[in-house]
Amino acid sequence: MSQRVRGIGMTSERTRLRMVERLRSAGVRDTGVLAAMAEIPRHIFVDDALASRAYDDVSLPLGHGQTISHPLTVARMCELVRAARPLGRVLEIGTGCGYQAAVLSRIAREVFSVERIAALLEQARVHILRELRLRNVRMKHADGRDGLPEAAPFDAIVIAAAAPEAPSALIDQLAPGGRMVLPLGNEKQRLCLIERSAAGVIDCMLEEVHFVPLRAGTLR
Ligand code: SAH
């Protein structure tokens, strides 16, 4: 493992384990998610100049006007879609730097992640495939509002950008019993959990969050 991945000081494993302890204190119960976040080096996903803040309880800028999600938000979204069961295929919309895709790769058999900004996706590929060698993550440059019909259905779908309503193409790509979590709203947003059950599609609104908007089309 390279020195950069291993980390030192504010990017060391000890710092990461302290972050995981704070997640536990904040109410994250899923031990699979906590173990995944203890394993994935969050600091390699941010700019070197910000690496010493990678384990703080904050979201950080990624460039291109995007942000890496707050650690507690990543943990909550993973815990909500996992619902303490083994996950087969998972779809993430909004790869960004790739951190959440890396965490998901530890709690799911296969992860598909879609990003509309090609430059961000290229960076995410370097972190996930070259530096961490996570072999169960596939990434695609596309507008994620259409989902990924060629790989559907999914046991879980995580949307990392806010929309006024859940894209219907994505609800259709949920497997029976599948769960989707996404931020809903514009200025004021809440996490929304959607479940495809035998009785139909049910949803519930949870805590307030702050995400960048889900946008149409792709960018180089
Ligand atoms: N998952 C990231 C957070 C990414 S921020 C993490 O681990 O921290 C949200 C990302 O969603 C941005 O990179 C943005 O470019 C992307 N995004 C916004 N609209 C999108 C769309 N329609 N399809 C795919 N990605 C989108």
Side-chain angles (χ1 to χ4, degrees), residues 16 19 23 33 36-37 39-47 50-51 53-81 90-108 111-129 131-132 134 137-149 151 154 156-171 173 180-186 189 191 209-220:
R16 182 155 64 249
M19 173 190 78
L23 294 172
V33 172
M37 292 183 68
E39 180 185 342
I40 300 296
R42 183 170 159 93
H43 64 273
I44 69 164
F45 291 89
V46 300
D47 199 79
L50 293 172
R53 301 185 57 202
Y55 297 100
D56 292 354
D57 300 324
V58 290
S59 52
L60 293 169
L62 290 180
H64 304 271
Q66 309 303 321
T67 51
I68 179 173
S69 303
H70 195 294
L72 181 58
T73 306
V74 172
R76 285 283 294 148
M77 288 181 117
C78 290
E79 168 169 87
L80 286 165
V81 290
V90 174
L91 174 65
E92 178 191 39
I93 305 301
T95 317
C97 60
Y99 175 67
Q100 182 149 28
V103 172
L104 286 168
S105 81
R106 307 291 80 190
I107 58 168
V111 178
F112 297 83
S113 189
V114 179
E115 170 58 54
R116 68 183 284 272
I117 303 178
L120 283 177
L121 194 66
E122 280 319 305
Q123 276 305 109
R125 282 206 167 101
V126 169
H127 301 318
I128 289 181
L129 302 179
E131 296 181 307
L132 297 181
L134 301 172
V137 183
R138 308 254 173 293
M139 284 162 273
K140 186 175 176 183
H141 179 221
D143 181 344
R145 293 174 314 153
D146 304 326
L148 202 59
F154 301 98
I157 300 179
V158 174
I159 308 186
E165 56 186 47
S168 58
L170 285 159
I171 298 179
Q173 291 173 30
M180 170 154 88
V181 67
L182 77 162
L184 274 190
N186 299 308
Q189 304 163 7
L191 271 190
V209 284
H210 194 75
F211 278 83
V212 297
L214 190 71
R215 292 202 189 282
T218 57
L219 289 177
R220 285 323 308 170

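Throughout, residue positions are numbered sequentially from 1 according to the sequence presented. Start at 1 and go down the list; that is how both ligands and their atoms are numbered.
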Please identify which atoms of ligand 1 are closer than 4.0 Å to at least one heavy atom of [X].
| X | result |
| --- | --- |
| Arg145 | 22 (N) |
| Val114 | 24 (C), 25 (N) |
| Gly144 | 21 (C), 22 (N), 23 (N), 24 (C) |
| Val212 | 9 (C) |
| Thr67 | 3 (C), 4 (C), 5 (S) |
| Glu92 | 1 (N) |
| Ser69 | 3 (C), 6 (C), 8 (O) |
| Tyr99 | 7 (O) |

How many angstroms lie between atom [atom1] of [X] and atom [atom2] of [Y], to the nearest 0.5 angstrom?
| X | Y | atom1 | atom2 | answer |
| --- | --- | --- | --- | --- |
| Cys97 | Ile128 | SG | CD1 | 8.0 Å |
| Arg138 | Leu91 | CZ | CG | 13.5 Å |
| Glu165 | Leu184 | CD | CG | 8.5 Å |
| Gln173 | Ser168 | CD | OG | 10.0 Å |

Determine, considering heavy atoms only, which of [options] sits nearest to [atom].
| atom | options | value |
| --- | --- | --- |
| atom 2 (C) of ligand 1 | Thr95, Leu120, Ile68 | Thr95 |
| atom 20 (C) of ligand 1 | Arg42, Gln66, Arg116 | Arg116 |
| atom 1 (N) of ligand 1 | Gly65, Gly96, Gly94 | Gly94 |

With side chains defined as the heavy atoms from C-beta onward, is the minimum distance between [X] and [Y] less than 4.5 Å?
| X | Y | value |
| --- | --- | --- |
| Glu92 | Val114 | no |
| Thr67 | Val212 | yes |
| Leu182 | Phe211 | no |
| Arg16 | His43 | yes |

- Exceeds 12 heavy-atom contacts within 6.0 angstrom, atom NE2 of His210: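 Count not over threshold, so no.
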
- Item | Heavy atoms from other residues, nucleotides or ligands near CZ of Arg215 exceed 12 (cutoff 6.0 Å) | no

Taking a cutoff of less than 4.0 Å between a non-hydrogen atom of the residue and any ligand atom, is [X] in contact with ligand 1?
| X | result |
| --- | --- |
| His64 | no |
| Ala102 | no |
| Pro213 | yes |

May I ask you to identify the nearest protein heavy atom to [atom], giving residue, atom name and distance to one decimal place in Å?
| atom | answer |
| --- | --- |
| atom 7 (O) of ligand 1 | Gln100 N, 2.8 Å |
| atom 9 (C) of ligand 1 | Ala160 O, 3.2 Å |
| atom 22 (N) of ligand 1 | Arg215 O, 2.7 Å |

- Between Asp57, Asp56, Leu60, which is the residue that forms a side-chain contact (heavy atoms from CB on, under 4.5 Å) with His70?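 That would be Asp57; it is the only one of Asp57, Asp56, Leu60 passing the side-chain contact (heavy atoms from CB on, under 4.5 Å) with His70.
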
- Task: Check each heavy atom of Glu115 against ligand 1 and say whether those closer than 4.0 Å belong to the side chain, the backbone, both or neither.
- Result: both

- Query: Which bit of Ala142 is near ligand 1, meaning a heavy atom under 4.0 Å away: side chain, backbone, both or neither?
  - Reply: backbone

- Task: Could you tell me which non-hydrogen atom of Leu214 sits nearest to which non-hydrogen atom of Ala163, and how far apart they are?
- Result: CD2-CB, 3.9 Å

